[in-house]
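All values derive from a computational prediction rather than experimental measurement. Quick note: residue numbers are just sequence positions, from 1.
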Amino acid sequence: MTSSDTTADATTVARPRSRSRGIVLLVLASLCFGSSGVLGKPAMLSGLTPEQVATARISIAAVVLLLGVGLTRPALLRVRRGQWRLLLGYGLLGVAGVQLFYFLAAARVPVGIAILLEFTSPVLVALWVRFVRRVRLPWPMWTGIGLALLGLALVARVHEGLVLDVLGLLAGIAAALCSAAYFLIGEQGVASHHPLSMVTWGMVIAAVAVCLIAPPWTMPSSTLLSSAEFGPWRPPVWLLLVTVAVLSTVFAYLAGITALRHLPASTASVLALLEPLVATSMAWALLGEALVWVQILGAFVLLGGALLVQLTAPAAQGGPTGPVEPLPGEAPSEDRVFRRSRKERQGEP
């Protein structure tokens with residue numbers, strides 16, 4: 001280890017933070033994440049299955065990330081034998097499971113509702129922490145859990161006999177379960193993995209999994225070359241798939257990684273609420289998917305409850321600190337890794 005390496009490591013730790021830059025980047029990340037359902041649904045309406053759309057999104061993103069990291073920071077791709085189990089769980093549940101079930105939900109219910117269902121994951125994490133880890137939760141968290149469940153019931157219009165498609169509702173809940181698993185797995189992963197390494201390998205593992213479910217070569221070329229109805233535009237289906245992979249996945253994750261190095265978790269939690277609002281607004285403007293007033297009320301109640309859960313979480317909980325569609329890692333955890341690594345090199349305890 002040379003002195004220049006130590007200096008570079010110290011520079012990494014002492015990277016200056018800019019709140020305004022972090023806010024701009026996290027808003028961009030939320031906008032990009034929120035656009036994924038709106039970009040993917042026209043492809044499904046044109047003839048592709050949700051599994052095929054998820055395969056295209058994850059596979060293209062995996063190739064871009066693997067090439068980018070391999071060319072610029074190849075050391076991040078090194079994985080010790082004992083780390084593969086965690087990465088497999090992260091990739092299969094936190095990446096493949098979330099995106100696959102989200103697209104399955106978006107194919108059967110409005111995009112805005114699909115992402116709202118996914119946004120119940122902080123509640124699931126809180127319940128896991130209470131009943132599995134046996135951590136006592138403060139009463140505001142229980143209030144938030146109750147509000148989120150009430151909002152979910154309003155969104156699903158349970159009082160009218162469950163108006164939503166049952167399979168779409170179940171797929172949305174499955175996406176929330178996988179998202180909760182992502183946060184719980186990621187809580188352990190960021191202690192020993194660089195966030196960019198985790199998201200790259202997670203995306204590669206997820207790509208292998210979804211390709212087994214829906215091999216890319218089974219996508220009909222006639223559908224890929226056909227035009228999709230996307231608001232006033234008629235782009236080819238393949239362009240929508242590339243856009244959802246690059247804009248809504250690669251760029252969104254990278255913007256989120258950088259943003260979380262500048263912002264505290266509480267600020268990120270608030271700004272993360274832009275994602276379902278963006279998805280709902282874009283689906284209304286471009287796909288003509290409007291929610292009735294009861295569902296809009298339920299959306300605000302659900303998001304308010306999820307936010308209350310996040311902001312009042314005890315320190316022992318860990319879990320969600322940003323957008324529910326996963327942003328890899330937390331800045332404080334990553335800083336701890338850098339500080340620990342530097343101390344070890346310098347012989348400090």
Side-chain angles (χ1 to χ4, degrees), residues 32-33 35-69 77 79 84-108 111 114-115 117-118 121 167-168 170-183 185-186 189 197-221 223-224 228 237-254 324-328:
C32 293
F33 276 134
S35 68
S36 62
V38 178
L39 290 167
K41 189 155 189 176
M44 291 184 279
L45 293 175
S46 297
L48 295 182
T49 66
E51 295 87 348
Q52 289 173 330
V53 174
T55 295
R57 178 186 185 184
I58 296 174
S59 299
I60 295 172
V63 171
V64 173
L65 284 169
L66 193 60
L67 289 177
V69 175
L77 297 180
V79 179
W84 281 110
R85 182 178 178 182
L86 183 142
L87 289 175
L88 284 170
Y90 174 87
L92 295 176
L93 295 175
V95 181
V98 171
Q99 297 189 24
L100 181 59
F101 284 118
Y102 172 64
F103 280 127
L104 285 170
R108 307 184 72 96
V111 169
I115 202 168
L117 293 172
E118 189 183 328
S121 63
L167 292 179
L170 292 176
I173 294 174
L177 287 169
C178 290
S179 181
Y182 159 81
F183 285 117
I185 295 171
S197 173
M198 278 198 69
V199 71
T200 300
W201 280 117
M203 203 70 67
V204 171
I205 292 169
V208 173
V210 294
C211 284
L212 293 176
I213 297 174
W217 54 86
T218 63
M219 297 184 189
S221 57
T223 301
L224 293 175
V237 171
W238 67 263
L239 181 59
L240 289 176
L241 297 178
V242 172
T243 303
V244 77
V246 176
L247 179 68
S248 303
T249 309
V250 175
F251 183 80
Y253 273 101
L254 295 179
V324 170
E325 180 157 355
L327 290 176

- Message: Checking Ser197 now: which residues fulfil side-chain hydrogen bond (donor to acceptor under 3.5 Å, both in side chains) with it, not counting sequence neighbours?
- Response: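 Applying side-chain hydrogen bond (donor to acceptor under 3.5 Å, both in side chains) to Ser197 gives none.
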
Of the non-hydrogen atoms in [X] and [Y], which two are nearest, and what is the gap between them?
X: Ser35; Y: Leu247; answer: OG-CD2, 4.4 Å
X: Ser59; Y: Cys211; answer: OG-SG, 3.4 Å
X: Ser121; Y: Ala180; answer: CB-N, 3.8 Å
X: Ala105; Y: Ala171; answer: N-CB, 3.7 Å
X: Val95; Y: Ala206; answer: CG1-CB, 3.5 Å
X: Ala43; Y: Leu240; answer: N-CD1, 4.3 Å

- Query: Is it the case that Ser46 and Thr223 place a side-chain donor and acceptor less than 3.5 Å from each other?
  - Reply: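 Their side chains do not contain a donor-acceptor pair, so the 3.5 Å distance test is not met.
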
Main chain of [Y], side chain of [X]: is a donor-acceptor contact present, judged purely on distance under 3.5 Å?
X: Thr249; Y: Val244; value: yes
X: Ser179; Y: Ala175; value: no
X: Ser248; Y: Cys32; value: yes

Tell me, please, which residues at least two apart from [X] pass side-chain contact (heavy atoms from CB on, under 4.5 Å).
X: Ala54; answer: Leu100, Phe103
X: Leu77; answer: Leu66, Val69, Thr200, Trp201
X: Val242; answer: Ile60, Trp238, Val246
X: Ile205; answer: Trp84, Leu87, Leu88, Leu92

- Task: Indicate yes or no: at least one non-hydrogen side-chain atom of Leu48 is less than 4.5 angstrom from one of Leu224.
- Result: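 Side-chain contact under 4.5 Å: yes.
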
- Message: Within the structure provided, determine whether Gln52 and Leu241 are in side-chain contact (heavy-atom separation under 4.5 Å).
- Response: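 Gln52 does not reach Leu241 side chain to side chain.
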
- Task: Measure up the Tyr182 and Tyr90 rings against each other and bin them: parallel (under 30°), tilted (30 to 60°), perpendicular (over 60°).
- Result: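 Answer is tilted, since the angle falls between 30° and 60°.
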
- Which of these passes side chain to side chain contact (heavy atoms under 4.5 Å, CB included) with Met219: Thr55, Thr49, Val53?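 Result: among Thr55, Thr49, Val53, Thr55 is the only option passing the side chain to side chain contact (heavy atoms under 4.5 Å, CB included) with Met219.
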
- OG1-CZ distance between Thr243 and Phe251, expressed to the nearest 0.5 angstrom: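 CZ of Phe251 is found 13.5 Å from OG1 of Thr243.
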
- Supply the atom-to-atom distance Leu170 CG to Leu117 CG, rounded to the nearest 0.5 angstrom.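 Between atom CG of Leu170 and atom CG of Leu117 there are 10.0 Å.
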
- Query: Can you pull the salt bridge (Lys or Arg N to Asp or Glu O under 4.0 Å) pairs that have at least one residue in residues 37-55, sequence neighbours excluded?
  - Reply: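 Counting only pairs at least two positions apart or across chains, the salt bridge (Lys or Arg N to Asp or Glu O under 4.0 Å) contacts touching residues 37-55 are Lys41-Glu289.
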
- Query: Going through the distances and angles, do Val210 and Arg57 end up as a side chain to side chain contact (heavy atoms under 4.5 Å, CB included)?
  - Reply: CA-CA 10 Å; Val210 294; Arg57 178 186 185 184; over 6 Å; no

